[in-house]
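Heads up: the structure comes next, in structure tokens.
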Amino acid sequence: MHFDVNGTKDDRVSNVKRAKSVGKANEQIAKVVEQSISQNHFCVALGGDHSIAIGTIIGHARAHPNLAVVWIDAHADLNPPLASPSGNSHGMPVSFLLRELVEYIPKDLPGFEWAKPCLGVKDIVYIGLRDLDEAEKALIEKHNILAFTMREVTELGVDAVVRAAIKYISPSGTRPIHLSFDIDGLDPTDAASTGTPVPGGLLLREGVYITESLAATGHLQMIDMVEVNPTLGSSKEQVRTLQSACEIIGACFGKRNRK
Ligand SMILES: N[C@@]1(C(=O)O)CN(C[C@@H]2CCCCN2)C[C@@H]1CCC[B-](O)(O)O
Ligand SMILES: [Mn+2]
Ligand SMILES: [Mn+2]
Ligand SMILES: [Mn+2]
């Protein structure tokens, strides 16, 4: 039995653990992000798990409807609630955001009455994928979602991948970009202190390069830096993970290795 902050029952509904708390929290996040972006701030959302992207991206899209999203992650976070193997909302956010998947979202989710999808499948690109569930593979395939897995990153190189990603989501180079950066997109050598680490990820150098390249478009408006969990791993790993997160956030503001 789980309870929300008001002490009322908040259990698993339609296979979403603590649905009401997650929904209500994201409703607040969306309001704050919309306000901040509307005041022309560059917005940094620090997670916390990746379910916060429901609020950050819906909030951002209210201010910039033609938003494009770059999702850096070992995982696709694309499980519609009833297809999730874990019932953990951090593996679901993209399914709440895509208009083409609205039929898979249960209508009776407490706390999510406000959440309306704000992206089409062509408005998002993945980089770093290497651990997908069957439903996620099927949905990426069915909807032709552009995904550069770690295989493509190795095959093409990070420069070709980020150039292709930008060309795809913003051919004119003018669309506002939202970077949703799950720290587990990086290799555990650079980010071990996270809930679901997966070997064979992006080097910090590659994560910085991708972020710098997005910043260089002049239209990177917001970053989510999520899944950083400084309570996990050795203190050395914790320091390294936090350092990596700071390097990525810093890269949003331009080149790090100035000549
Ligand atoms: N797809 C998942 C889900 O629970 O939905 C399955 N699970 C990883 C699972 C562990 C056992 C071996 C196969 N992989 C975590 C992932 C969500 C990650 C959320 B993120 O925000 O950290 O990306
Ligand atoms: Mn997680
Ligand atoms: Mn994630
Ligand atoms: Mn992940």
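Indexing begins at 1, ligand by ligand and atom by atom, following the structure's order. Counting begins at 1 with the first residue of the sequence.
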Roughly how far, to the nearest 0.5 Å, is [atom2] of [Y] from [atom1] of [X]?
| X | Y | atom1 | atom2 | answer |
| --- | --- | --- | --- | --- |
| M150 | D131 | CE | CG | 13.0 Å |
| T217 | R175 | OG1 | CZ | 12.0 Å |
| S180 | L97 | OG | CG | 8.5 Å |

| said: Can you confirm whether the side chains of T56 and D224 place a donor and an acceptor under 3.5 Å from each other? | reply: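 Yes - a donor-acceptor pair under 3.5 Å links their side chains.
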| task | Would you confirm whether the ring centroid of H50 sits within less than 6.0 angstrom of the ring centroid of W71? | result |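 Centroid separation for W71 and H50: below 6.0 Å.
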| query | Any chance the rings of F112 and F96 have centres within less than 6.0 Å? | reply |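 Between F96 and F112, which both carry aromatic rings, the centre distance is below 6.0 Å.
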| task | Tell me the protein N, O or S atoms under 2.8 Å from the Mn ion (ligand 4), in chain and number order. | result |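 Atoms qualifying: D73 OD1, H75 ND1, D182 OD2, D184 OD1, D184 OD2.
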